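This report refers to the structure that appears directly beneath it.
Only a predicted model underlies this, so the values are computations on that prediction, with no experimental measurement involved.
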Amino acid sequence: MMLHARWLPLALALPAVLAAQQPARDTATKDTTTHKPTRLFRAREPLPMWLQADFKTVFKDRDTNSTKRYPATLRYLGEKADTVSFPVQLATRGHYRLKASTCAVPPLKVYFDKEKTKGTLFGGEGSLKLSTHCQSGNRYAQDVYLEYAVYGMYNVLTRVSLKARLATITWTDPADPKFTITRPGFWLQDEEDMAKEVRGKVIMQTGGHAEEMEPKQMAITDVFQYMIANTDYSLSYLHNYRIIV
């Protein structure tokens, strides 16, 4: 399993919780708006999809500081069994899995044109992380399912957690027909979108400490990390961690 390099827990900062316990009188009963996750994350069934690009060039980009984006086409099976297609841009991401010695297929970040995705499952998304199968063997496909299940388990324990949407992805490269392969992967909810669901906001503040966090939320996070045997995280350095206020 490679969960240690991917898991992204979230802690809730204490000041926001204390404020929520003592709401102002004039706003306590007015703010009843509930933010819903974007359409992609409102369902749980696997999404059949196709991703086409010059992957030989994309997968050569192993620089953690790279800002390059590569043109691609995303196509998926719609709710009425029709296919929906639109252009996207791809960027490689990560650290450990970005190494060619670790993964032949690195994790990606997919950028969307909001005008071209209106009315689709990806409507409203600016960019999303896409977790991939790393290598071609069946063992690595199993790792995808295991990691996806971890996000689902954490969703059961706390609302302060990112949703994931499983996908069956067919990868194609027009310049290399032999590259065509179908493997599982999953989309990860945008952090700011999740924060809105709990009426919060992500802050990229380094130097955070456990005693500054909401105790119950911190206990859930720490025990869950222990349960999945993950040690590759740091609250102080925001490594595989995010803080919500």
- Atom CZ of F179: over 12 foreign heavy atoms under 6.0 Å: yes
- For residues R159 and E197, report the shortest heavy-atom separation together with the two atoms involved. NH2-O, 2.6 Å
- Any donor and acceptor pair, going by atom type alone, linking the side chain of T132 with main-chain N or O of V105 inside 3.5 Å? yes
- Item | Side chain proximity check, K68 to D63, heavy atoms < 4.5 angstrom | no
- Message: If you define the side chain from C-beta out and look only at heavy atoms, does anything of V58 sit under 4.5 Å from L108?
- Response: yes
- Item | Check: L130 and L51 side chains under 4.5 Å, non-hydrogen atoms | yes
- Any donor-acceptor pair under 3.5 Å from N155 side chain to L162 backbone: yes
- Task: Answer yes or no: is there a side-chain heavy-atom contact under 4.5 Å between T92 and Y70?
- Result: no
- So CD of Q135 and OG1 of T102: to nearest 0.5 Å the spacing works out to 8.5 Å
- Is there a donor-acceptor pair closer than 3.5 Å between any side-chain N or O of S234 and the backbone N or O of H239? no
- Query: Linking I/L/V/M/F/W/Y whenever their side-chain heavy atoms sit closer than 4.5 Å, directly or via other members, would M194 and W187 fall into one cluster?
  - Reply: no
- Residue pair T57 / D54, side-chain donor-acceptor N/O under 3.5 Å: yes
- Item | Q52 backbone acceptor or donor facing T73 side chain under 3.5 Å | no
- Do Y241 and M204 share a hydrophobic cluster (ILVMFWY, side-chain heavy atoms under 4.5 Å, transitive)? yes
- Query: Between D232 and Y96, is a side chain to side chain donor-acceptor pair (under 3.5 Å) present by the stated rule, with each step listed?
  - Reply: CA-CA 11 Å; D232 187 31; Y96 177 71; over 6 Å; no
- Do L40 and L47 have side chains that get closer than 4.5 Å, going by heavy atoms? yes
- Task: Taking ring-ring contact (aromatic ring centres under 6.0 Å, His included) as the test, write out the residues that go with Y111, two or more places apart.
- Result: none
- Note: G94 and T64 closest approach over all heavy atoms is O-CG2, 3.5 Å
- Task: Identify the heavy atoms of P46 and P48 that sit nearest to each other, and give their distance.
- Result: O-CD, 3.4 Å
- Spacing of CE belonging to M49 relative to CG belonging to L74, to within rounding of 0.5 Å: 4.0 Å
- Item | Joint cluster assignment, L128 & V84, ILVMFWY side-chain distance < 4.5 Å | yes
- Shortest non-hydrogen pair, A53 vs A72, comes out as CB-CB, 3.6 Å
- Message: Using only atom types and a distance under 3.5 Å, with no angle test, would you say the side chain of R75 pairs donor to acceptor with the backbone of T83?
- Response: no
- Task: Quick one: closest heavy-atom pair of G200 and I244, and the distance?
- Result: CA-CG2, 4.0 Å
- Query: Could you state the interatomic distance from OG (S131) to OH (Y148), rounded to the nearest 0.5 Å?
  - Reply: 12.0 Å
- Hydrophobic cluster identity match, L157 and M153, side-chain contacts under 4.5 Å: yes
- Task: For P37 and Q189, work out which heavy atoms get closest and say how close.
- Result: CB-NE2, 3.8 Å
- Task: Return yes if a side-chain donor-acceptor contact under 3.5 Å exists between T221 and Y154, otherwise no.
- Result: yes
- Query: Rounded to the nearest 0.5 Å, how far apart are SG of C134 and CZ of R139?
  - Reply: 8.0 Å
- Flag the pair P106 / R97 as yes when at least one side-chain heavy-atom distance between them is below 4.5 Å, and no otherwise. no
- Query: Is the backbone of S136 close enough, under 3.5 Å, to the side chain of R183 for a donor and an acceptor to pair up by distance?
  - Reply: yes
- T38 and E125: side chain to side chain donor-acceptor pair (under 3.5 Å), yes or no, with the steps? CA-CA 8 Å; T38 51; E125 303 286 7; 2.5 Å; yes
- Message: Tell me whether Y151 contacts the main-chain N or O of L188 through its side chain, where contact means a donor paired with an acceptor under 3.5 Å.
- Response: no
- K196 and K201, any side-chain heavy atoms less than 4.5 Å apart: no
- Do any N or O atoms from the side chain of R165 and from the backbone of E45 form a donor-acceptor pair under 3.5 angstrom? yes
- Is a side-chain donor or acceptor of S236 paired with a backbone partner of G208 at a separation under 3.5 angstrom? yes
- Message: Please check this pair: side chain of R62 against backbone of L98, looking for a donor-acceptor N/O pair closer than 3.5 Å.
- Response: yes
- Test side chain to side chain donor-acceptor pair (under 3.5 Å) on T182 and T170 and set out the steps. CA-CA 4 Å; T182 300; T170 298; 2.9 Å; yes
- Shared ILVMFWY cluster between V160 and F41, side chains joined below 4.5 angstrom? no
- Message: Quick one about Q205 and E212 (side-chain donor to acceptor, distance below 3.5 Å, no hydrogens or angles considered), yes or no?
- Response: no
- How are the rings of F86 and F122 set relative to one another: parallel (under 30°), tilted (30 to 60°) or perpendicular (over 60°)? perpendicular
- From K163 atom NZ to F186 atom CZ, the distance as rounded to the nearest 0.5 Å: 14.5 Å
- Message: Are the side chains of D193 and H35 in contact, using a 4.5 Å heavy-atom criterion?
- Response: yes
- Item | Listed partners of W171 passing ring-ring contact (aromatic ring centres under 6.0 Å, His included), at least two apart | F55, H133
- How many angstroms lie between CG in D113 and CD in Q89, if you round to the nearest 0.5 Å? 8.5 Å
